[in-house]
Amino acid sequence: MRPLDEGETTQVFEKLFKFVGNNLKNIVENPSHEGPDPNPGRYCFRLQKNRVYYVSESLVKRATNIKRENLVSLGTQIGKLTKSGKFQLTIHSLNLLAANAKHKVWLKPTSEMSFLYGNNVLKGGLGRITENISVNDGVVVFSMSDVPLGFGVAAKSTQDCRKMDPNGIVVIHQADIGEYLRMEDEL
């Protein structure tokens, strides 16, 4: 377990900024409430076996007693670095993204299952959408009862969504909570 280097930190922050915007400050400066310490500190990002974790500093201090090869996980995994060196968000980061999301989309109950099977969000399945979404913005997908289902990238802006036909793609799927069942062995 080691801190992220400058290039890795830049990639992680750019990807998170795509989804949370200026709320990235809330994620970085979030005070920690974990651990027995009276002043446990803040949360930080750590890298272990090409996986990036969001973990409290007090937990990192206590994890130094464990050998690196024996340490499986620590904190919340938010993504991984691919073999080509790019950062990719994983479904584990959904709670962090949903709490700080800048752009949101709500799905009708009839299209929730389609999204959870890994399909893109179509205009016909769109319940609500936040204003000022532009193309390629990060979007968190919710059910109509405000349960976070996953996240993706906006294929159309908010204004374009109003004019398009019901079979047009609004959000390109990146991850959803159905991955816990579909990709059980890889997670």
Side-chain angles (χ1 to χ4, degrees), residues 1-35 39-48 50-60 74-82 85-107 115 120-121 123 126-162 164 169-177 179:
M1 174 98 24
R2 67 169 178 81
L4 301 175
D5 66 26
E6 191 174 324
E8 294 163 345
T9 304
T10 303
Q11 285 186 24
V12 170
F13 283 177
E14 283 175 355
K15 187 67 83 162
L16 286 174
F17 185 80
K18 186 175 182 179
F19 284 90
V20 299
N22 292 332
N23 293 336
L24 181 60
K25 182 179 178 184
N26 298 342
I27 294 172
V28 173
E29 296 179 358
N30 188 14
S32 172
H33 304 291
E34 297 175 351
N39 187 11
R42 300 196 180 282
Y43 283 94
C44 57
F45 297 96
R46 292 290 185 259
L47 184 71
Q48 170 75 8
N50 286 339
R51 303 208 182 276
V52 178
Y53 294 93
Y54 182 66
V55 60
S56 70
E57 290 173 345
S58 68
L59 197 54
V60 170
L74 188 66
T76 303
Q77 178 187 333
I78 62 162
K80 61 183 178 180
L81 291 172
T82 61
K86 300 225 189 286
F87 177 71
Q88 180 180 10
L89 284 171
T90 57
I91 189 59
H92 306 96
S93 64
L94 181 60
N95 289 338
L96 189 64
L97 294 177
N100 297 290
K102 181 178 176 185
H103 302 301
K104 301 177 183 179
V105 165
W106 289 266
L107 296 182
F115 181 74
N120 297 327
V121 176
K123 164 72 160 78
L126 204 59
R128 293 187 333 222
I129 186 170
T130 55
E131 294 294 324
N132 302 325
I133 293 177
S134 55
V135 179
N136 295 326
D137 278 348
V139 176
V140 178
V141 179
F142 291 87
S143 68
M144 289 303 277
S145 55
D146 281 335
V147 175
L149 299 175
F151 55 88
V153 176
K156 301 283 183 190
S157 67
T158 304
Q159 281 67 25
D160 293 342
C161 288
R162 293 190 176 115
M164 64 190 298
I169 296 174
V170 176
V171 177
I172 298 170
H173 176 275
Q174 281 192 338
D176 64 80
I177 56 176
E179 288 180 13

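It should be emphasised that the depicted structure is a prediction, and the values quoted were computed from it without experimental measurement.
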Are there more than 12 heavy atoms of other residues, nucleotides or ligands under 6.0 Å from atom CG of Asp5?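 Atom CG in Asp5 is packed in, count exceeds 12.
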
Inspect the surroundings of CG in Asn22 and state if more than 12 heavy atoms from other residues, nucleotides or ligands are less than 6.0 Å away.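 For Asn22, atom CG is not crowded (no more than 12 foreign heavy atoms under 6.0 Å).
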
To the nearest 0.5 Å, tell me how far [X] [atom1] sits from [Y] [atom2].
{"X": "Ile129", "Y": "Cys161", "atom1": "CD1", "atom2": "SG", "answer": "4.0 Å"}
{"X": "Asp176", "Y": "Phe115", "atom1": "CG", "atom2": "CZ", "answer": "5.5 Å"}
{"X": "Lys18", "Y": "Asn136", "atom1": "NZ", "atom2": "CG", "answer": "6.0 Å"}
{"X": "Leu16", "Y": "Leu96", "atom1": "CG", "atom2": "CG", "answer": "6.5 Å"}
{"X": "Arg2", "Y": "Glu8", "atom1": "CZ", "atom2": "CD", "answer": "4.0 Å"}
{"X": "Ser145", "Y": "Leu107", "atom1": "OG", "atom2": "CG", "answer": "10.5 Å"}

Side-chain contact, heavy-atom cut-off 4.5 Å: [X] with [Y]?
{"X": "Phe87", "Y": "Leu89", "result": "yes"}
{"X": "Thr130", "Y": "Thr158", "result": "no"}
{"X": "Leu97", "Y": "Val20", "result": "yes"}
{"X": "Val170", "Y": "Met164", "result": "yes"}
{"X": "Pro3", "Y": "Arg46", "result": "yes"}

If you take all heavy atoms of [X] and [Y], which pair is closest and at what distance?
{"X": "Asn23", "Y": "Asn100", "answer": "ND2-O, 2.9 Å"}
{"X": "Ser134", "Y": "Ser157", "answer": "CA-CB, 4.0 Å"}
{"X": "Phe151", "Y": "Ser93", "answer": "CE2-OG, 4.0 Å"}
{"X": "Ala101", "Y": "Val140", "answer": "CB-CG2, 3.6 Å"}
{"X": "Leu149", "Y": "Leu94", "answer": "C-CD2, 3.9 Å"}
{"X": "Ile169", "Y": "Ala155", "answer": "O-CB, 3.6 Å"}

So, Gln11 side chain and Gly85 main chain: donor-acceptor pair closer than 3.5 Å or not?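 Answer holds: yes.
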
Ion pair check, Lys86 and Glu14, cut-off under 4.0 Å: no

Evaluate the criterion side chain to side chain contact (heavy atoms under 4.5 Å, CB included) for residue pair Thr90 and Gln77; output intermediate values, then yes/no. CA-CA 8 Å; Thr90 57; Gln77 178 187 333; 3.6 Å; yes

Working note: Lys80 + Asn50, criterion side chain to side chain contact (heavy atoms under 4.5 Å, CB included); need CA distance, chi angles, decisive distance, verdict. CA-CA 6 Å; Lys80 61 183 178 180; Asn50 286 339; 5.6 Å; no

For a side chain to side chain contact (heavy atoms under 4.5 Å, CB included) check, start with the C-alpha distance between Phe19 and Leu24, then their side-chain angles and the critical distance, and finish with the verdict. CA-CA 9 Å; Phe19 284 90; Leu24 181 60; over 6 Å; no

Plane angle bin for Tyr54 and Phe45 - parallel if under 30°, tilted between 30 and 60°, otherwise perpendicular: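 Tilted.
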
Identified salt bridge (charged side-chain N to carboxylate O under 4.0 Å, His left out) partner of Glu131 from the options Lys104, Lys102, Arg162: Arg162

